[in-house]
Structures are given as C-alpha cells and as structure tokens.
Amino acid sequence: MKLLSTIACFFAAATISAALPSESAARNARDIVTSKITWTGQVRRGEAAMSITGTAEEIYKRIIALNPNYDDELGLNSSGSRVKRRHLAPISKRATTSDDWTCAYGNDVDAESIGAGIRYLYSIANGDCAAPPGQPGAGGCTTTTCNSGAGIFLCNDSSNELHVDCFIVADNAVEVLINCQSTTYAGGNTWVTNTHGQIFSMDHTWNVILNRC
C-alpha cells in the first residue's frame with residue numbers, strides 16, 4: 001500500500017473509485033498480443049547496441065547477466081539516466097503524456113504489480129521497445145511486462161513497426177496507474193487497489209494498455 005497511498009498524497013485528483021467495466025468489456029490479452037517486446041540498446045558503454053526479446057523483467061535480468069555494472073554505466077544509477085532508482089519509490093508522474101486516456105478498458109489488475117512492471121521498464125530505459133505493425137482498433141501489441149497477472153502492453157496502430165523509448169512506455173503506464181484506480185475493503189485492516197485502462201500517444205499511432213496478462 002505504500003506506493004498507492006503516496007500516489008494519493010501527490011495526486012489528489014486521482015480517480016480512486018472510477019466506474020469499472022465488466023470483464024466482457026475488454027479484449028482478452030490473448031486476443032491482442034503477438035509477442036513480448038524486443039528491446040534494442042547498449043548493454044555496455046562503447047559497444048554496439050543489441051536486441052533482446054522478453055518482458056522488461058526478463059530483458060533487465062539478461063542485461064545484468066551480460067554486464068553486472070549496467071546500472072552504473074547505462075542504467076538507473078548512471079549519470080545520463082533520465083530517471084533515478086530513488087525516484088521510483090514511490091512511483092509518481094515523470095513526464096507530460098497525452099491526456100487521451102480511459103479507465104473503461106481492460107480488467108482489474110493489482111496496482112502494486114503494475115508498479116513492479118513500471119520499475120522494470122524504467123530499468124531498461126536507455127533502449128527502445130518495439131511493437132509489430134498494426135492498425136487502429138487492431139493494433140499489433142507486445143507484452144512489455146507481466147507481473148502476477150498484471151500486464152503492461154504496447155500496441156501499435158501504425159502500418160510500420162513501432163520503436164519507442166522504453167521510458168516513454170513507462171511514463172504512459174504511470175499516467176493510467178495514477179488516474180485509474182479502484183480501492184476496495186478486503187476485511188480487517190486490508191484494502192486492495194486495482195487498476196486498468198488505456199492511453200494513446202499524442203499522435204495516436206500507438207497506445208499503452210494496463211490489463212490482465
């Protein structure tokens with residue numbers, strides 16, 4: 001609850017009890033996803049970029065296996081990093097994104113698990129995330145993260161392959177997380193906070209979805 005309570009403090013306008021759709025109101029992840037993301041970026045300073053396919057967590061762990069000093073050289077602890085690890089506890093809005101988001105898409109997923117996925121996306125922020133060609137309403141979607149059944153999907157509405165900085169994908173996921181939350185009482189001193197939704201890029205050529213994976 002630390003993540004979510006702090007978000008509430010910083011963003012009083014967050015939608016804590018927005019009306020949420022039934023499960024039939026959103027496509028199943030199996031209907032929209034074609035693959036996991038392909039990340040392209042440097043693993044070691046001074047070396048050529050390489051491509052790794054997987055979820056952000058899988059990619060990050062592969063990078064660390066290849067270069068245990070990645071965080072300090074090119075990752076969250078590096079001098080050139082746009083985001084520092086200390087900025088991710090708690091997660092808060094990082095940058096201006098599109099205001100074209102909706103909470104009326106997707107099914108409930110645990111907000112803390114989405115937060116874990118966002119942190120992994122920021123951990124590989126020195127590279128880009130790719131999605132295959134698609135079309136409006138039938139985007140080519142990739143799974144960027146999947147943590148405890150909570151997924152962040154990058155969907156391409158363009159007929160060309162999409163390459164977008166992974167930190168921008170994370171920024172957009174944060175926007176949905178902040179604005180689309182529903183907290184319910186689970187008995188005792190326990191409250192459960194869920195989220196789901198969709199946000200479109202400013203040029204409407206791609207979108208990010210929080211949904212079950």
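FYI, side chains are in, hydrogens and waters are out, and symmetry mates aren't considered; it's all heavy atoms of this structure.
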Side-chain heavy-atom pair [X], [Y] within 4.5 angstrom cut-off:
X: E112; Y: T193; value: no
X: Y120; Y: T55; value: no
X: V174; Y: Y122; value: yes

List the atom of [X], the atom of [Y], and the distance in Å for their closest heavy-atom pair.
X: T195; Y: A111; answer: CG2-CA, 3.9 Å
X: V208; Y: V169; answer: CG2-CG1, 4.1 Å
X: P133; Y: S159; answer: CB-O, 3.3 Å
X: C129; Y: I37; answer: SG-CD1, 3.7 Å
X: T145; Y: G117; answer: CG2-O, 3.4 Å
X: C213; Y: G151; answer: SG-N, 3.7 Å

Practice problem: Starting from the C-alpha separation in whole Å, work towards a yes-or-no answer on side-chain contact (heavy atoms from CB on, under 4.5 Å) for E73 and S78. | Solution: CA-CA 5 Å; E73 291 179 8; S78 68; 5.9 Å; no
Taking the side chain from [X] and the backbone from [Y], do they hold a donor-acceptor pair closer than 3.5 Å?
X: D165; Y: F167; answer: no
X: N172; Y: I168; answer: yes
X: N156; Y: P132; answer: yes
X: H196; Y: C103; answer: yes
X: N126; Y: Q42; answer: yes
X: E175; Y: D171; answer: no
X: S201; Y: W206; answer: yes

Quiz item: Picking from T144, T53, I52, I64, what satisfies side chain to side chain contact (heavy atoms under 4.5 Å, CB included) with I59?
Solution: I52
Practice problem: State plainly whether the residues E58 and R62 are in salt-bridge range, i.e. N to O under 4.0 Å. | Solution: no
Practice problem: Mark yes when over 12 heavy atoms from residues, nucleotides or ligands other than N189 sit less than 6.0 Å from its CG; otherwise mark no. | Solution: no
Quick check for you: to the nearest 0.5 Å, what is the distance between [X] atom [atom1] and [Y] atom [atom2]?
X: Y70; Y: Y60; atom1: OH; atom2: OH; answer: 8.0 Å
X: H204; Y: D100; atom1: NE2; atom2: CG; answer: 4.0 Å
X: T142; Y: L162; atom1: OG1; atom2: CG; answer: 8.0 Å
X: H163; Y: D128; atom1: NE2; atom2: CG; answer: 6.0 Å
X: L210; Y: N194; atom1: CG; atom2: CG; answer: 11.5 Å
X: D71; Y: S123; atom1: CG; atom2: OG; answer: 6.5 Å

Practice problem: May I ask whether F200 and F153 are part of the same hydrophobic cluster, defined by side-chain heavy atoms of I, L, V, M, F, W, Y residues being less than 4.5 angstrom apart, directly or through others? | Solution: no
Practice problem: Please test I114 against N147 for side-chain contact (heavy atoms from CB on, under 4.5 Å), starting from the C-alpha separation and ending with a verdict. | Solution: CA-CA 7 Å; I114 289 293; N147 297 84; over 6 Å; no
